Amino acid sequence: MGFDLDSETRRQLGHRLIDRIDEYLSGLPSRPVQLPLDQRTFGDLQNQMPEAGQDAAIFLDHITTRLIDEGFHVPSAGYFGLMNCTPAYVAVLAEMLVAALNPQLATLSRSQLASKIERETVRWIGERVGWPGPFDGTFTSGGNEANFSAMALALATHFPGSVEDGVASIGARPVLYTSSEAHHSIDKSAGLLGLGRSALRRIPVDDTARIDLNQLEAQIQQDRAAGHKPFCVAATAGTTNSGAVDDLPGVAAICKRHNLWMHVDGAYGGAAIFADRHRDVVKGIELADSITIDPHKWLAMPFAAGVVLTSHPESLRQAFAVSTPYMPRIPGPEVLDNFKVSTQWSRRMNSLKLWLTLQIHGRQAYEDHIHRQMELARYFADWIAGSERFELAAPQTLPIVNLRIRWPGLTEAERHAIHEAIVLEVTRDGRRWISTTLVNGKSVIRMMVISYLTGHRQIEDLIIALTTAAKNV
Ligand SMILES: Cc1ncc(COP(=O)(O)O)c(C=O)c1O
(Lines give C-alpha, C1' and ligand atoms only; values in the text may rest on other atoms or scores of the structure.)
Protein backbone atom coordinates (compact mmCIF):
# COMPACT_ATOMS: atom_id res chain seq x y z
CA MET A 1 0.00 0.00 0.00
CA GLY A 2 1.42 3.40 -0.99
CA PHE A 3 1.14 6.48 1.21
CA ASP A 4 -1.50 8.02 -1.01
CA LEU A 5 -4.59 6.56 0.63
CA ASP A 6 -7.93 7.13 -1.05
CA SER A 7 -10.45 9.45 0.51
CA GLU A 8 -12.74 6.70 1.77
CA THR A 9 -9.88 4.90 3.57
CA ARG A 10 -8.60 8.15 5.06
CA ARG A 11 -12.02 8.99 6.39
CA GLN A 12 -12.62 5.54 7.82
CA LEU A 13 -9.25 5.45 9.56
CA GLY A 14 -9.63 8.99 10.85
CA HIS A 15 -13.17 8.55 12.14
CA ARG A 16 -12.26 5.32 13.88
CA LEU A 17 -9.26 6.91 15.54
CA ILE A 18 -11.26 9.95 16.64
CA ASP A 19 -13.83 7.55 18.16
CA ARG A 20 -11.11 5.67 20.02
CA ILE A 21 -9.60 8.91 21.30
CA ASP A 22 -13.04 10.02 22.40
CA GLU A 23 -13.64 6.79 24.31
CA TYR A 24 -10.30 7.35 26.01
CA LEU A 25 -11.10 10.94 26.91
CA SER A 26 -14.57 10.07 28.18
CA GLY A 27 -13.02 7.54 30.58
CA LEU A 28 -10.24 9.86 31.74
CA PRO A 29 -11.90 11.32 34.85
CA SER A 30 -11.96 7.88 36.43
CA ARG A 31 -9.08 6.25 34.56
CA PRO A 32 -6.16 5.10 36.73
CA VAL A 33 -2.85 6.74 35.98
CA GLN A 34 -1.27 3.36 35.40
CA LEU A 35 -1.74 -0.34 35.99
CA PRO A 36 -1.48 -1.64 39.56
CA LEU A 37 2.12 -2.23 40.57
CA ASP A 38 1.97 -6.01 40.23
CA GLN A 39 0.64 -5.81 36.66
CA ARG A 40 2.95 -3.13 35.28
CA THR A 41 4.90 -3.98 32.14
CA PHE A 42 7.27 -2.04 30.00
CA GLY A 43 5.65 -3.31 26.83
CA ASP A 44 7.79 -5.42 24.54
CA LEU A 45 7.72 -4.75 20.85
CA GLN A 46 8.60 -7.01 18.00
CA ASN A 47 11.98 -5.45 17.31
CA GLN A 48 12.19 -5.81 13.56
CA MET A 49 11.39 -3.30 10.88
CA PRO A 50 8.49 -4.76 8.90
CA GLU A 51 9.42 -5.41 5.29
CA ALA A 52 5.83 -5.44 4.07
CA GLY A 53 2.97 -3.46 5.54
CA GLN A 54 -0.28 -4.64 7.11
CA ASP A 55 -3.92 -3.67 7.39
CA ALA A 56 -4.04 -0.06 8.59
CA ALA A 57 -7.39 -0.25 10.42
CA ILE A 58 -6.47 -3.38 12.33
CA PHE A 59 -3.01 -2.17 13.22
CA LEU A 60 -4.12 1.30 14.30
CA ASP A 61 -6.73 -0.27 16.53
CA HIS A 62 -4.19 -2.68 17.93
CA ILE A 63 -1.59 -0.07 18.83
CA THR A 64 -4.22 2.33 20.23
CA THR A 65 -5.45 -0.43 22.53
CA ARG A 66 -1.95 -1.30 23.63
CA LEU A 67 -0.93 2.30 24.25
CA ILE A 68 -4.03 2.79 26.35
CA ASP A 69 -3.97 -0.51 28.20
CA GLU A 70 -0.26 -0.54 28.97
CA GLY A 71 0.27 3.20 29.18
CA PHE A 72 1.12 5.69 31.85
CA HIS A 73 -1.68 8.24 31.66
CA VAL A 74 -0.34 11.70 32.25
CA PRO A 75 -3.76 13.22 31.33
CA SER A 76 -5.51 11.27 34.10
CA ALA A 77 -7.28 13.28 36.83
CA GLY A 78 -5.31 11.36 39.45
CA TYR A 79 -1.93 12.42 38.08
CA PHE A 80 -0.51 14.77 40.71
CA GLY A 81 2.71 14.64 38.90
CA LEU A 82 5.42 16.61 37.30
CA MET A 83 4.58 19.47 35.02
CA ASN A 84 2.76 17.52 32.32
CA CYS A 85 -0.85 18.29 31.64
CA THR A 86 -4.15 17.07 30.27
CA PRO A 87 -4.27 18.66 26.81
CA ALA A 88 -7.22 20.86 25.87
CA TYR A 89 -9.17 18.99 23.19
CA VAL A 90 -9.12 21.77 20.60
CA ALA A 91 -5.33 21.73 20.98
CA VAL A 92 -5.35 18.02 20.13
CA LEU A 93 -7.32 18.83 16.98
CA ALA A 94 -4.91 21.63 16.16
CA GLU A 95 -2.06 19.12 16.29
CA MET A 96 -3.78 16.97 13.71
CA LEU A 97 -4.38 19.96 11.47
CA VAL A 98 -0.75 21.06 11.75
CA ALA A 99 0.48 17.58 10.88
CA ALA A 100 -1.79 17.46 7.84
CA LEU A 101 -0.90 20.92 6.50
CA ASN A 102 2.73 20.68 7.58
CA PRO A 103 3.54 24.38 7.25
CA GLN A 104 7.28 25.06 7.21
CA LEU A 105 7.62 27.73 9.85
CA ALA A 106 11.27 28.39 9.05
CA THR A 107 10.40 31.04 6.53
CA LEU A 108 7.50 33.38 6.04
CA SER A 109 7.37 32.65 2.32
CA ARG A 110 6.37 29.03 2.95
CA SER A 111 4.04 29.54 5.88
CA GLN A 112 2.45 32.95 5.36
CA LEU A 113 -0.60 32.84 7.62
CA ALA A 114 0.86 30.15 9.87
CA SER A 115 3.87 32.36 10.64
CA LYS A 116 1.61 35.31 11.29
CA ILE A 117 -0.43 33.22 13.73
CA GLU A 118 2.77 32.20 15.50
CA ARG A 119 3.95 35.77 15.81
CA GLU A 120 0.55 36.91 16.98
CA THR A 121 0.58 34.25 19.69
CA VAL A 122 4.03 35.41 20.82
CA ARG A 123 2.71 38.97 20.90
CA TRP A 124 -0.30 37.98 23.00
CA ILE A 125 1.94 36.30 25.56
CA GLY A 126 4.37 39.23 25.59
CA GLU A 127 1.50 41.65 26.13
CA ARG A 128 0.43 39.67 29.18
CA VAL A 129 3.98 40.03 30.54
CA GLY A 130 3.39 43.79 30.58
CA TRP A 131 6.70 44.99 29.19
CA PRO A 132 6.59 48.74 28.72
CA GLY A 133 8.65 48.68 25.50
CA PRO A 134 9.11 46.47 22.46
CA PHE A 135 9.56 42.73 22.83
CA ASP A 136 9.76 39.67 20.64
CA GLY A 137 10.08 35.95 21.01
CA THR A 138 9.80 32.61 19.39
CA PHE A 139 8.20 29.23 19.95
CA THR A 140 10.50 26.40 20.97
CA SER A 141 10.22 22.68 21.56
CA GLY A 142 9.90 23.32 25.32
CA GLY A 143 11.55 24.89 28.32
CA ASN A 144 14.93 23.32 27.70
CA GLU A 145 15.28 24.95 24.32
CA ALA A 146 13.73 28.19 25.58
CA ASN A 147 16.20 28.44 28.46
CA PHE A 148 19.06 27.55 26.15
CA SER A 149 17.92 30.24 23.71
CA ALA A 150 17.70 32.80 26.50
CA MET A 151 21.23 32.01 27.69
CA ALA A 152 22.40 32.38 24.07
CA LEU A 153 20.68 35.79 23.88
CA ALA A 154 22.32 36.91 27.10
CA LEU A 155 25.73 35.80 25.88
CA ALA A 156 25.34 37.34 22.41
CA THR A 157 24.19 40.64 23.89
CA HIS A 158 26.94 40.92 26.47
CA PHE A 159 29.68 39.62 24.24
CA PRO A 160 28.62 40.28 20.64
CA GLY A 161 31.95 39.02 19.28
CA SER A 162 31.38 35.59 20.80
CA VAL A 163 28.73 34.66 18.22
CA GLU A 164 31.33 34.70 15.47
CA ASP A 165 34.57 34.12 17.35
CA GLY A 166 33.52 31.91 20.23
CA VAL A 167 33.76 32.37 23.98
CA ALA A 168 37.55 32.19 23.89
CA SER A 169 37.51 35.64 22.26
CA ILE A 170 35.96 37.13 25.41
CA GLY A 171 39.31 37.02 27.12
CA ALA A 172 37.96 36.15 30.58
CA ARG A 173 35.56 33.57 31.89
CA PRO A 174 31.88 34.47 31.46
CA VAL A 175 29.90 33.26 34.47
CA LEU A 176 26.20 33.09 35.23
CA TYR A 177 23.98 32.50 38.24
CA THR A 178 20.93 30.56 39.21
CA SER A 179 19.58 29.03 42.41
CA SER A 180 20.35 25.59 43.75
CA GLU A 181 16.66 24.76 43.04
CA ALA A 182 16.70 25.87 39.37
CA HIS A 183 16.10 23.46 36.52
CA HIS A 184 18.99 21.44 35.07
CA SER A 185 18.38 22.94 31.63
CA ILE A 186 20.44 25.92 32.84
CA ASP A 187 23.40 23.62 33.49
CA LYS A 188 22.98 22.06 30.07
CA SER A 189 22.80 25.50 28.47
CA ALA A 190 26.06 26.58 30.10
CA GLY A 191 27.71 23.41 28.84
CA LEU A 192 26.30 23.59 25.33
CA LEU A 193 27.19 27.26 24.92
CA GLY A 194 30.81 26.36 25.50
CA LEU A 195 30.98 28.15 28.86
CA GLY A 196 31.31 24.91 30.76
CA ARG A 197 28.81 23.79 33.35
CA SER A 198 31.13 25.03 36.09
CA ALA A 199 30.56 28.58 34.82
CA LEU A 200 27.09 28.29 36.34
CA ARG A 201 27.12 29.38 39.97
CA ARG A 202 24.36 27.61 41.87
CA ILE A 203 23.42 30.01 44.66
CA PRO A 204 21.88 28.54 47.84
CA VAL A 205 18.22 29.16 48.58
CA ASP A 206 16.59 30.47 51.76
CA ASP A 207 14.06 28.45 53.74
CA THR A 208 11.31 29.34 51.26
CA ALA A 209 13.38 27.73 48.45
CA ARG A 210 14.03 31.12 46.82
CA ILE A 211 17.44 32.29 45.73
CA ASP A 212 19.36 33.94 48.56
CA LEU A 213 19.91 37.46 47.28
CA ASN A 214 22.76 38.29 49.66
CA GLN A 215 24.71 35.25 48.59
CA LEU A 216 23.94 36.01 44.95
CA GLU A 217 25.37 39.48 45.22
CA ALA A 218 28.39 38.30 47.21
CA GLN A 219 29.17 35.66 44.57
CA ILE A 220 28.93 38.22 41.76
CA GLN A 221 31.38 40.49 43.60
CA GLN A 222 33.71 37.59 44.26
CA ASP A 223 33.67 36.56 40.61
CA ARG A 224 34.35 40.11 39.47
CA ALA A 225 37.25 40.35 41.89
CA ALA A 226 38.64 37.09 40.49
CA GLY A 227 38.61 38.57 36.97
CA HIS A 228 35.59 36.63 35.68
CA LYS A 229 32.83 38.22 33.63
CA PRO A 230 29.38 37.79 35.17
CA PHE A 231 26.72 38.29 32.50
CA CYS A 232 23.42 36.68 33.49
CA VAL A 233 21.17 35.65 36.37
CA ALA A 234 18.53 33.02 35.63
CA ALA A 235 15.79 33.40 38.22
CA THR A 236 12.98 30.85 38.48
CA ALA A 237 9.25 31.52 38.63
CA GLY A 238 7.96 28.15 39.75
CA THR A 239 10.71 25.70 40.63
CA THR A 240 10.22 22.10 39.61
CA ASN A 241 10.38 20.73 43.13
CA SER A 242 8.37 23.19 45.18
CA GLY A 243 6.97 25.85 42.83
CA ALA A 244 9.00 28.54 44.58
CA VAL A 245 9.15 31.88 42.82
CA ASP A 246 12.39 33.78 43.31
CA ASP A 247 12.15 37.38 44.51
CA LEU A 248 12.03 38.76 40.98
CA PRO A 249 12.17 42.49 41.86
CA GLY A 250 15.11 41.67 44.15
CA VAL A 251 16.93 39.79 41.38
CA ALA A 252 16.14 42.62 38.95
CA ALA A 253 17.71 45.18 41.30
CA ILE A 254 20.90 43.12 41.52
CA CYS A 255 21.00 42.66 37.75
CA LYS A 256 20.59 46.39 37.28
CA ARG A 257 23.34 47.21 39.77
CA HIS A 258 25.77 44.81 38.13
CA ASN A 259 24.64 45.21 34.54
CA LEU A 260 23.60 41.58 34.13
CA TRP A 261 20.98 40.02 31.88
CA MET A 262 17.98 38.87 33.90
CA HIS A 263 16.29 35.72 32.68
CA VAL A 264 13.17 34.31 34.31
CA ASP A 265 12.58 30.61 33.86
CA GLY A 266 8.81 30.69 34.12
CA ALA A 267 8.43 27.44 32.19
CA TYR A 268 5.68 26.50 34.62
CA GLY A 269 4.84 29.46 36.85
CA GLY A 270 5.15 32.13 34.16
CA ALA A 271 1.70 31.11 32.95
CA ALA A 272 0.28 32.93 36.00
CA ILE A 273 0.37 36.06 33.81
CA PHE A 274 -2.72 34.64 32.11
CA ALA A 275 -4.74 35.07 35.32
CA ASP A 276 -5.43 38.60 36.56
CA ARG A 277 -6.20 37.24 40.01
CA HIS A 278 -2.86 35.47 40.35
CA ARG A 279 -0.33 37.38 38.32
CA ASP A 280 1.05 38.88 41.52
CA VAL A 281 2.75 35.56 42.29
CA VAL A 282 5.18 36.38 39.48
CA LYS A 283 5.42 40.07 40.28
CA GLY A 284 8.54 41.52 38.70
CA ILE A 285 8.53 39.16 35.71
CA GLU A 286 8.15 42.25 33.52
CA LEU A 287 11.61 43.39 34.71
CA ALA A 288 13.24 40.45 32.94
CA ASP A 289 15.34 40.70 29.79
CA SER A 290 14.10 37.26 28.77
CA ILE A 291 11.44 34.82 29.91
CA THR A 292 10.67 31.16 29.33
CA ILE A 293 7.04 30.03 29.37
CA ASP A 294 5.96 26.52 28.44
CA PRO A 295 2.39 26.28 27.19
CA HIS A 296 2.74 22.49 27.50
CA LYS A 297 2.83 22.84 31.27
CA TRP A 298 0.21 25.07 32.93
CA LEU A 299 -1.56 26.13 29.74
CA ALA A 300 -2.89 22.64 28.98
CA MET A 301 -1.13 22.13 25.66
CA PRO A 302 0.06 18.76 24.36
CA PHE A 303 3.80 18.42 23.86
CA ALA A 304 5.56 20.26 22.48
CA ALA A 305 5.27 23.98 23.09
CA GLY A 306 7.69 26.34 24.75
CA VAL A 307 8.22 30.04 24.23
CA VAL A 308 11.17 32.32 24.83
CA LEU A 309 10.45 36.03 24.96
CA THR A 310 12.77 38.98 25.25
CA SER A 311 12.46 42.70 25.77
CA HIS A 312 15.48 43.13 23.47
CA PRO A 313 14.06 42.07 20.10
CA GLU A 314 17.36 42.76 18.34
CA SER A 315 19.13 40.19 20.52
CA LEU A 316 17.26 37.36 18.80
CA ARG A 317 18.79 38.24 15.46
CA GLN A 318 22.13 38.89 17.04
CA ALA A 319 22.23 35.35 18.43
CA PHE A 320 20.47 33.39 15.69
CA ALA A 321 20.41 35.18 12.34
CA VAL A 322 22.17 33.48 9.43
CA SER A 323 21.62 33.91 5.74
CA THR A 324 20.96 31.36 3.08
CA PRO A 325 20.88 31.83 -0.68
CA TYR A 326 18.50 28.98 -1.36
CA MET A 327 15.28 30.46 -0.06
CA PRO A 328 13.15 32.57 -2.38
CA ARG A 329 12.89 36.13 -1.11
CA ILE A 330 9.57 37.90 -0.80
CA PRO A 331 9.87 41.12 -2.83
CA GLY A 332 9.83 44.36 -0.85
CA PRO A 333 11.21 45.21 2.58
CA GLU A 334 13.00 42.45 4.45
CA VAL A 335 10.58 40.19 6.29
CA LEU A 336 11.23 38.52 9.60
CA ASP A 337 11.70 34.84 8.94
CA ASN A 338 11.47 32.58 11.98
CA PHE A 339 14.80 30.92 11.32
CA LYS A 340 16.54 34.23 11.99
CA VAL A 341 15.21 34.39 15.54
CA SER A 342 15.38 30.76 16.62
CA THR A 343 17.78 27.86 17.17
CA GLN A 344 15.67 25.88 14.68
CA TRP A 345 15.50 25.79 10.90
CA SER A 346 12.74 23.43 9.79
CA ARG A 347 10.16 23.79 12.45
CA ARG A 348 6.76 22.63 13.43
CA MET A 349 3.92 25.01 14.09
CA ASN A 350 3.78 24.66 17.87
CA SER A 351 1.67 27.79 18.25
CA LEU A 352 -1.58 26.86 16.49
CA LYS A 353 -2.84 24.81 19.42
CA LEU A 354 -2.50 27.71 21.87
CA TRP A 355 -3.81 30.30 19.42
CA LEU A 356 -6.81 28.11 18.63
CA THR A 357 -7.50 27.36 22.29
CA LEU A 358 -7.44 31.08 23.04
CA GLN A 359 -9.70 31.81 20.06
CA ILE A 360 -12.21 29.14 21.07
CA HIS A 361 -12.16 29.35 24.88
CA GLY A 362 -10.80 32.84 25.43
CA ARG A 363 -8.28 34.00 28.02
CA GLN A 364 -11.00 33.81 30.65
CA ALA A 365 -10.84 30.00 30.47
CA TYR A 366 -7.20 30.22 31.59
CA GLU A 367 -8.12 32.64 34.34
CA ASP A 368 -10.59 30.03 35.66
CA HIS A 369 -8.25 27.07 35.06
CA ILE A 370 -5.38 28.69 36.98
CA HIS A 371 -7.63 29.91 39.77
CA ARG A 372 -9.23 26.50 40.24
CA GLN A 373 -5.86 24.77 40.51
CA MET A 374 -4.61 27.38 42.97
CA GLU A 375 -7.70 26.79 45.10
CA LEU A 376 -7.44 22.99 45.00
CA ALA A 377 -3.78 23.11 45.99
CA ARG A 378 -4.58 25.55 48.79
CA TYR A 379 -7.31 23.24 50.06
CA PHE A 380 -4.87 20.34 50.08
CA ALA A 381 -2.12 22.42 51.71
CA ASP A 382 -4.58 23.52 54.41
CA TRP A 383 -5.40 19.90 55.08
CA ILE A 384 -1.70 19.06 55.38
CA ALA A 385 -1.13 21.99 57.72
CA GLY A 386 -3.86 20.70 60.04
CA SER A 387 -2.91 17.03 59.78
CA GLU A 388 -1.50 15.05 62.69
CA ARG A 389 0.73 12.93 60.51
CA PHE A 390 2.04 15.38 57.92
CA GLU A 391 3.29 18.93 57.81
CA LEU A 392 4.05 21.38 55.02
CA ALA A 393 7.71 21.16 54.06
CA ALA A 394 7.79 24.37 52.04
CA PRO A 395 5.37 27.25 51.60
CA GLN A 396 2.80 26.67 48.86
CA THR A 397 2.92 29.42 46.25
CA LEU A 398 1.76 27.71 43.06
CA PRO A 399 -0.31 24.47 42.83
CA ILE A 400 2.59 22.35 44.08
CA VAL A 401 2.54 21.07 47.65
CA ASN A 402 5.54 19.66 49.49
CA LEU A 403 4.76 17.69 52.61
CA ARG A 404 6.69 15.58 55.03
CA ILE A 405 5.86 13.14 57.73
CA ARG A 406 5.65 14.57 61.27
CA TRP A 407 8.11 12.36 63.01
CA PRO A 408 10.74 14.05 65.15
CA GLY A 409 14.23 12.70 65.49
CA LEU A 410 14.56 11.07 62.08
CA THR A 411 17.70 11.40 60.03
CA GLU A 412 17.11 12.76 56.53
CA ALA A 413 17.85 9.32 55.07
CA GLU A 414 15.30 7.66 57.38
CA ARG A 415 12.72 10.30 56.55
CA HIS A 416 13.34 9.79 52.82
CA ALA A 417 12.90 6.03 53.16
CA ILE A 418 9.56 6.59 54.93
CA HIS A 419 8.45 9.06 52.26
CA GLU A 420 9.31 6.58 49.55
CA ALA A 421 7.37 3.84 51.33
CA ILE A 422 4.34 6.14 51.61
CA VAL A 423 4.52 7.09 47.94
CA LEU A 424 4.81 3.44 46.97
CA GLU A 425 1.65 2.65 48.94
CA VAL A 426 -0.27 5.64 47.57
CA THR A 427 0.63 4.76 43.98
CA ARG A 428 0.48 0.95 44.31
CA ASP A 429 -3.04 0.53 42.86
CA GLY A 430 -2.23 2.90 39.99
CA ARG A 431 -5.15 5.24 40.66
CA ARG A 432 -3.07 8.25 41.58
CA TRP A 433 0.51 9.45 41.16
CA ILE A 434 2.67 11.50 43.49
CA SER A 435 6.42 11.46 44.00
CA THR A 436 9.27 12.18 46.38
CA THR A 437 11.98 14.72 45.84
CA LEU A 438 14.52 16.83 47.68
CA VAL A 439 13.91 20.51 48.34
CA ASN A 440 17.00 22.33 49.47
CA GLY A 441 18.49 18.93 50.26
CA LYS A 442 15.54 17.84 52.44
CA SER A 443 13.26 14.94 51.64
CA VAL A 444 9.65 15.76 50.78
CA ILE A 445 6.60 14.14 49.25
CA ARG A 446 5.50 16.22 46.29
CA MET A 447 2.04 16.62 44.78
CA MET A 448 0.95 19.02 42.10
CA VAL A 449 -2.45 19.89 40.65
CA ILE A 450 -1.86 20.02 36.90
CA SER A 451 -4.83 18.37 35.17
CA TYR A 452 -7.94 20.44 34.47
CA LEU A 453 -9.86 17.24 35.24
CA THR A 454 -8.66 17.13 38.82
CA GLY A 455 -11.30 18.19 41.32
CA HIS A 456 -12.16 17.80 45.00
CA ARG A 457 -12.98 14.13 44.46
CA GLN A 458 -9.40 13.31 43.49
CA ILE A 459 -7.99 15.50 46.27
CA GLU A 460 -10.13 13.74 48.89
CA ASP A 461 -9.09 10.37 47.47
CA LEU A 462 -5.43 11.40 47.77
CA ILE A 463 -5.94 12.53 51.36
CA ILE A 464 -7.45 9.17 52.27
CA ALA A 465 -4.66 7.27 50.51
CA LEU A 466 -1.97 9.35 52.25
CA THR A 467 -3.61 8.94 55.64
CA THR A 468 -3.87 5.17 55.23
CA ALA A 469 -0.30 4.85 53.96
CA ALA A 470 1.06 6.96 56.81
CA LYS A 471 -0.68 4.75 59.36
CA ASN A 472 0.94 1.66 57.89
CA VAL A 473 4.58 2.75 57.63
C1 LIG B 1 11.32 25.15 35.97
C2 LIG B 1 11.53 24.37 34.71
N3 LIG B 1 12.23 24.91 33.70
C4 LIG B 1 12.45 24.26 32.54
C5 LIG B 1 11.95 23.00 32.35
C6 LIG B 1 12.23 22.28 31.05
O7 LIG B 1 11.09 22.28 30.28
P8 LIG B 1 10.84 21.19 29.12
O9 LIG B 1 10.60 19.92 29.83
O10 LIG B 1 9.64 21.74 28.45
O11 LIG B 1 12.03 21.17 28.25
C12 LIG B 1 11.21 22.38 33.35
C13 LIG B 1 10.66 21.03 33.17
O14 LIG B 1 9.92 20.52 33.97
C15 LIG B 1 10.99 23.08 34.57
O16 LIG B 1 10.31 22.54 35.59
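Atoms within a ligand are numbered from 1 in the order they appear, just like the ligands themselves. Because the structure is predicted, anything quoted here is derived from the model rather than measured. We use all heavy atoms of the structure for the numbers below, so side chains are in, but hydrogens, waters and symmetry mates are not.
By the 4.0 Å N-to-carboxylate-O rule, Glu375 lies too far from Arg277 to be salt-bridged with it. Arg123 and Glu120 are joined by a salt bridge, as a carboxylate oxygen and a charged side-chain nitrogen come within less than 4.0 angstrom of each other.
Here His184 pairs with nothing under the ring pair (Phe, Tyr, Trp, His ring centres under 6.0 Å) rule; sequence neighbours left out.
Residue Glu164 qualifies as open at atom CD: its count of foreign heavy atoms under 6.0 Å is 12 or below.
The nearest pair of heavy atoms linking Gly194 to Val167 is O-CG2, 3.4 Å.
The immediate protein surroundings of ligand 1, defined as residues with any heavy atom under 4.0 Å of it, consist of Met83, Gly142, Gly143, Asn144, Asn147, His183, Ser185, Gly238, Thr240, Asp265, Ala267, Asp294, His296, Lys297.
Taking the ring centroids of His73 and Tyr79, they lie at or beyond the 6.0 Å cut-off.
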